[in-house]
Amino acid sequence: MIKITLPDGAVREFEAGTTALQVARSISEGLARKVIAASVNGEVWDATRPISQDATLKLLTWNDPEGKSTFWHSSAHLMAEAVESIFPGVKFWVGPAVDNGFYYDMDLGGRQITEEDLRRLETRMSELAGKNSIYIRKSVSKADAINYFTEKGDEYKLDLLQNLKDGEISFYTQGNFTDLCRGPHIPDTGFIKAIKLTNIAGAYWKGDEKNKQLTRIYGVSYPSKKELDEYLHMVEEAKKRDHRKLGREMGIYTMDDDVGPGLVLWMPNGTIIIEELEKLAKETERDAGYQRVVTPHIGKENLYLTSGHLPYYQDSMYPPMELDGVKYYLKAMNCPHHHKIFAAEPRSYKDLPLRLAEYGTCYRYEQSGELFGLMRVRCLHMNDAHIYCSKEQFAQEFQAVNAMYLKYFKIFGIDKYVMRFSLHDPAELGKKYINEPELWLETEAMVRKVLQETGTPYIEVSGEGAFYGPKIDVQIWSAIGREFTLATNQVDFTQGKRFKLEYTRPDNHPETPLIIHRAPLGTHERFIGFLLEHYAGKFPLWLAPQQVKLLPISDKFLPYAQTVLESLKKADIRAGIDERSEKIGKKIRDTELARVPYMLIIGEKEMNDQKISVRRQGKGDLGIQDLESFIRDVKTEITLRSGV
RNA sequence: GCCGUUGUAGCUCAGUGGUAGAGCACUUCCUUGGUAAGGAAGAGGUCAAGAGUUCAAUUCUCUUCAACGGCUCCA
């Protein structure tokens, strides 16, 4: 007999070799029907795999994240079975579960998959699922595994096998499909009731663009049609807040083929948001002891050779323009220009920390396939600053930058993000990263210490650092689920030396400063793209391009509306009048859809009493008010930068 | 850059081997109204660009450009 400990602490005895499914059945038949996997001593197992020793057991259902990923992984196998039955000879690479569904990478031998093929595959998958085929686990020796895939002619699986140890290899079979797989899997295919293959994509083998490109099919599956429909509905809803759609609807920005891909033209409404953001940044940075500078958009080749950027990033810089034998580049970053301002005057420890800030315009020739609305562009306006400080000042400065992030995030109500502490990868030293192994470890330790002492939640990821030092990236997700770095805070132990930047210490010796690169509001492009999705276009009052719209009930009240408009304008409130001879219902509908925060309805009552009727976007009628008190409240809301 | 898909009016989309249509938006006129769509008329398109096949191409083929979904990349 073995002892099974359940999550509530209860210990029950079972025959050795009992499965999680049998344990579930001993509790209730209803539970057993929902169990799709099990966590055995913290490891996710098949619910049908015999447990031979004492164990703590958690039964996993669709509602557990591990349950979902097992479900989707099994769905990937089901899809592979369907693909193999329709396209014999297909070779498979890997087919994992992802955040929302699963994919399988395969080599179809030059055959193209079409949308119709996806529909065929869905139908075939449903048929196969209906057979309730059991997922059977089998341990195999490495030799047998190699034989199997040699015979099948699947060199991709053979490649996988190379890195696996004999004795740790398992196959899973369901129906007519057998795959090399660690598992776990759901008990049988009957659990998969609703399937949607979402898209076809190319994916480089092993993620390396020098390798062959395989065909990747993405899909999602659910235990019921209802849940699939809910998911698809949610995806549709998310598309409605896509910043590209909102940006066009709200007149925020546009792009034009004749200007060039990835080059944003900010329209008047977008420019208002830019100016409000800059106002916030300038106030905040002034209070935090920053000084503002302005630098050119171009620089000579030598500048970027000194900084070390050119060899690393030449491919993603616009090609140089050559004049009188000198090459000039459009700047892809502001640091070298700022470093030159540091170098322009002799610096003493008394000048430190020196904080130079600029909304700098940068140009990066991102690959065409990487461009994405406002999130990935070729001309960007960065909320940039460089802090030159001593080692002793570093912790405090770095921490102050983090505090600035949090201040901003509070203003915008940003709470869905991950702080990523991005480290170097020792294997890439001298290639992707400056070859200074000790300095890397030292600065990484300094940053880690700040994070730990301030109790900032973060994740550490190696191989994501800048080439000159470690950094903290704030990761966010777009409406369609793509991940982006919204803001960044970087340590640089490299460029100070390269630019021979020095300050004089109290003991009269020269010293190279540490440099912090930081952009808490990222770039205007990405930040506004993010805000559009974050607010679903319903900006808080202080950011709203139009803050108040006057809606006269009929033309007769236009003159009074004009006087109200004058008062609002005098109070520096962005307001306008809907002068169309439409009915009030129509004007309200259009203004609501345009997401203008306040509507003032002006008719006979209001004109006679010299008042206004206030309506808040999304909230409805707020009743009749004095113009003076309305203006006072609105001004307060704007000044405080209140949320929605 | 790579794989795949798409490109018709400002927007959302029909449609056709014989040079185009709807709804919304826009303009004008009528209407002057009380908290989410009043009515009528009108204007607006080299059917992304170029080449080919054809008596004839927006439609078929190819190339280019751009956008989209991924991959790769992101100082």
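Labels below follow one simple rule: chain letters A, B, ... track the order of the sequence lines, proteins then strands, and each chain is numbered from 1.
Of the C1' atoms belonging to B:G4 and B:C74, the separation is 23 Å, rounded to the nearest Å. Of the C1' atoms belonging to B:A9 and B:A43, the separation is 11 Å, rounded to the nearest Å. Atom name P, nucleotides B:C11 and B:C68: the rounded distance is 14 Å, in whole Å. Rounded to the nearest Å, the gap between the C1' atom of B:G7 and that of B:U64 is 14 Å. Taking the C1' atom of each, B:A25 and B:U61 are spaced 37 Å apart, rounded to whole Å. For the C1' atom pair drawn from B:A75 and B:C24, the interatomic distance equals 45 Å after rounding to whole Å. Comparing the C1' positions of B:C3 and B:U72 gives a spacing of 11 Å, expressed to the nearest Å. Distance check on atom C1': B:C60 versus B:C47 gives 15 Å, rounded to whole Å.
With a 6.0 Å radius and a threshold of 12 heavy atoms from other residues, nucleotides or ligands, A:D99 has its CG atom at or below the threshold.
Atom CG of A:L551 is separated from atom C1' of B:A37 by 14 Å (rounded to the nearest Å). Spacing between atom CG of A:D578 and atom P of B:A37 amounts to 14 Å, rounded to whole angstrom units. One atom, CZ of A:R111, and another, C1' of B:G4, lie 17 Å apart when rounded to the nearest Å. Spacing between atom CD1 of A:I252 and atom P of B:C11 amounts to 17 Å, rounded to whole angstrom units. Straight-line distance from the CG atom of A:D256 to the C1' atom of B:G10: 14 Å, rounded to whole Å. One can place CE of A:M250 at 18 Å from C1' of B:G10, the figure rounded to the nearest angstrom.
Pair assignment for B:C47: none, as no Watson-Crick or G-U wobble contacts are both less than 3.5 Å. The pairing partner recorded for B:G69 is B:C3, the criterion being a Watson-Crick or G-U wobble arrangement whose two distances lie under 3.5 angstrom. B:U32: no Watson-Crick or G-U partner with both key distances under 3.5 Å is found in any strand. For B:A37, there is no paired base (Watson-Crick or G-U wobble, both distances below 3.5 Å). The partner of B:C60, taking Watson-Crick or G-U wobble pairs whose two distances both stay under 3.5 Å, is B:G52. The partner of B:A22, taking Watson-Crick or G-U wobble pairs whose two distances both stay under 3.5 Å, is B:U12.
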In the 5'-to-3' direction, what one-character label does each nucleotide of nucleotides 65-75 of chain B receive under the scheme B = base within less than 4.0 Å of a protein heavy atom, S = sugar-phosphate only, - = no such atom? -SSSBBBBBBB
Where protein sits on nucleotides 29-35 of chain B, one letter per nucleotide: B base, S sugar-phosphate only, - none, heavy atoms under 4.0 Å: --BBBBB
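Checked against the 6.0 Å centroid criterion, the rings of A:H339 and A:Y388 qualify as a close aromatic pair.
Residue-level contact check: A:I113 touches neither bases nor backbone, having no heavy atom under 4.0 Å from any strand.
Between A:I515 and A:Y468, the closest side-chain pair of non-hydrogen atoms is not below 4.5 Å. At least one side-chain heavy atom of A:Y359 sits less than 4.5 Å from a side-chain heavy atom of A:L521. The closest side-chain heavy-atom distance from A:R244 to A:F372 is below 4.5 Å.
Ring-plane geometry between A:H309 and A:Y304 is classed as perpendicular, the angle between the planes exceeding 60 degrees on a 0 to 90 degree scale with a lower cut at 30. Using cut-offs of 30° and 60° for the angle between ring planes, the A:W440 and A:Y433 rings count as perpendicular.
Distance check, rounded to the nearest 0.5 Å: CZ of A:R248 to CE of A:M267 gives 11.0 Å.
If you find the closest nucleotide of RNA chain B to A:T114 and to A:D590, the one lying nearer the 5' end belongs to A:T114.
With salt bridges taken as basic N to acidic carboxylate O contacts below 4.0 Å, one links A:R420 and A:D473. A:D578 and A:K549 are not joined by a salt bridge, as no carboxylate oxygen comes within less than 4.0 angstrom of a charged side-chain nitrogen.
Under the salt bridge (Lys or Arg N to Asp or Glu O under 4.0 Å) criterion, A:E115 pairs with A:R119, sequence neighbours left out.
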